[in-house]
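Inspection log for the structure reproduced underneath, given as structure tokens.
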Amino acid sequence: MIDDRFLYERISRRLLEQIGAGSFAVGQKLPSVRRMSALFKVSVNTVMQSYRQLEAEGYLDIRPQSGVYVRSSDVLDIPEPDGSRYPLLPVEVSLSEQVLHYMELHADPAMVRLGIALPGPEVLPVDRVMATIRDVTRHHALDAWDYMHPNGCPLFTHHLARRSLSYEVPVTAEDIIVTSGAMEALSLALRSVSRPGDTVVVESPTYYGALLLLETHQRKVVEVPTHARHGISLSALEQVFRRGGVAACLVSPNAQNPLGFTMSDERKAALVALSERYQVPLIENDVWGDTVYRGEAPPAKAFDRSGLVLYCSSFSKSLMPGLRIGWAAAGRFQKRFRELKQLSTITSTSISQIVMGRLLESGFYTQHLRELRGHLHGQVDAMAREVRRCFPPGTRLTRPTGGCVLWVRLPGRVDTRALFQRAAARGIHVFPGAVFSLDGKHADYLRLNAGSPLTAPVRRALCWLGETAAELAASPDGLAS
């Protein structure tokens, strides 16, 4: 089985089971690396990889010259997904009316906005971006006014290409196709590799926008169970690929929305290897990739040698949603992707490309990312502590590695659609979990946005949500059907 390649992750899971069961208490020292190496019959390096992974996830504290200790955790983790809830069979999507209903409230400025996943303007460089826009319109008015060449602004595409220097097959400026946000890139990628009626694999839970896209394009969906730390189940994915009849696989290996995980490099490489073995294109949504809090987080595209990964991203979540600028590197499907782009919108906004090219060239965007990651990490941690304080016992949270959302499971099988209705009447916008998968598998989950600082109104809203969740859990009317 493919999971046998990931010995260190099996050790990690075994340790987490022991920690969760109380066999290793907070502050207790774990066995030495050599002892673990002998116990599991693996190399010392494998054990160290496991310890480092658990340290990065906040479970362990590695102290030089002392040892490895269990660390206190301020949030609880979502358990392993229940595979029995995933028949791994293609189904049709029908979510559009629900999603549009849940999105409408975000437009009301009077709401406490905890629903839409987006960093707030408080942590984004609004003044610098607007100053750059003014400068471009003043000194490059005709360039901004005219159509941009379909190949994109060279300043912009060349700086994007430089970000791939460490990839196994680096992306060139000629490989990049500029789009109107990541959703256009995903739409064109989907149309490049599949047709109406085809089946596409997705993570479960996954971003509801991806499900809407598949519904709009009349694709069927196979949901594959996905873990809040490790990502999509590679063994289940291989089972689906081996069975055949799959046109593509849509994944988000970095700071996935809503779970917040970032797959390890080893698992990303194995994901791409599965794609190559079964010749199933991967559509990679990396819109949150630039927000990963710590270390380098290369996309799955970095391990792509055969051109089967269609990489899609944008600056909407990391800089300015209103710029509506995204891009794609479609690998062996570039010709078809470019044809579809030119048939739909011909080219993308000129001024956005010029502005982004200048922000990349100056080094400002790189500097901004360092600050943004710190802000988002702090805000997510603060909201997690507040949820733990205010929500009823038994509430479980994810531990995001990037982005700005918390994936919350309520106790008592509360249907969060009922909580949404009550919250809306109270002036609080949240997003119920039912629309992040099909057939109500995540109806007892809630996604909360921590993109803005934890202000007094947000604290009050969280406390009200916690109290109301407790009421629903105690009432038969709050139970999920």
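What's counted below: heavy atoms across the whole structure, side chains too, no hydrogens, waters or symmetry copies. Computed from a prediction, not measured in an experiment: that's the story for all the values here.
In the model, Gln334 has no side-chain atom that pairs as donor or acceptor with a side-chain atom of Glu174 under 3.5 Å. Looking at Tyr278 and Glu238, their side chains do bring a donor and an acceptor atom within 3.5 Å of each other. Defined by atom type and a distance below 3.5 Å, a donor-acceptor pair is present between the side-chain atoms of Tyr311 and Asp286.
For Glu122, the CD atom sits in a packed shell: over 12 heavy atoms of surrounding residues, nucleotides or ligands are nearer than 6.0 Å. A 6.0 Å sphere centred on CD of Gln279 holds more than 12 heavy atoms belonging to other residues, nucleotides or ligands. Environment of CE in Met111: crowded, with over 12 heavy atoms of neighbouring residues, nucleotides or ligands closer than 6.0 Å.
Remark: aromatic rings of His106 and Phe431 are distant, center separation not under 6.0 Å. No close placement of the Tyr445 and Phe436 rings is indicated, their centers lying 6.0 Å or farther apart.
Minimum heavy-atom separation, Leu211 to Val435: CD1-O, 3.6 Å.
Scanning for side chain to side chain contact (heavy atoms under 4.5 Å, CB included) contacts around Gln342 gives Pro150, Arg338, with sequence neighbours left out.
We find the NE2-CG distance between His159 and Leu360 to be 6.5 Å, quoted to the nearest 0.5 Å. Residue Glu203 holds its CD atom at 7.0 Å from CG of Leu250, rounded to the nearest 0.5 Å.
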Contacts table for residues 181-194: side-chain donor-acceptor under 3.5 angstrom, sequence neighbours left out:
| residue | atom | partner | partner atom | Å |
| --- | --- | --- | --- | --- |
| Glu184 | OE1 | Ser180 | N | 2.6 |
| Glu184 | OE1 | Lys341 | NZ | 3.1 |
| Glu184 | OE2 | Lys341 | NZ | 3.4 |
| Glu184 | OE2 | Thr345 | OG1 | 2.9 |
| Ser187 | OG | His217 | NE2 | 2.9 |
| Ser192 | OG | Leu188 | O | 2.7 |
| Ser194 | OG | Leu190 | O | 2.6 |
| Ser194 | OG | Arg219 | NE | 2.9 |
| Ser194 | OG | Arg219 | NH2 | 3.2 |

Going by atom type alone, with no hydrogens or angles, which donor-acceptor pairs under 3.5 Å involve a side-chain atom of residues 315-325 and a protein atom two or more places apart or on another chain?
| residue | atom | partner | partner atom | Å |
| --- | --- | --- | --- | --- |
| Ser316 | OG | Ser314 | OG | 3.4 |
| Ser316 | OG | Arg324 | NH1 | 3.0 |
| Lys317 | NZ | Ala117 | O | 2.8 |
| Ser318 | OG | Tyr365 | OH | 2.7 |

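The cationic group of Arg277 does not satisfy the cation-pi geometry with Phe241, failing either the under 6.0 Å distance to the six-membered ring centre or the 45° limit from the ring axis.
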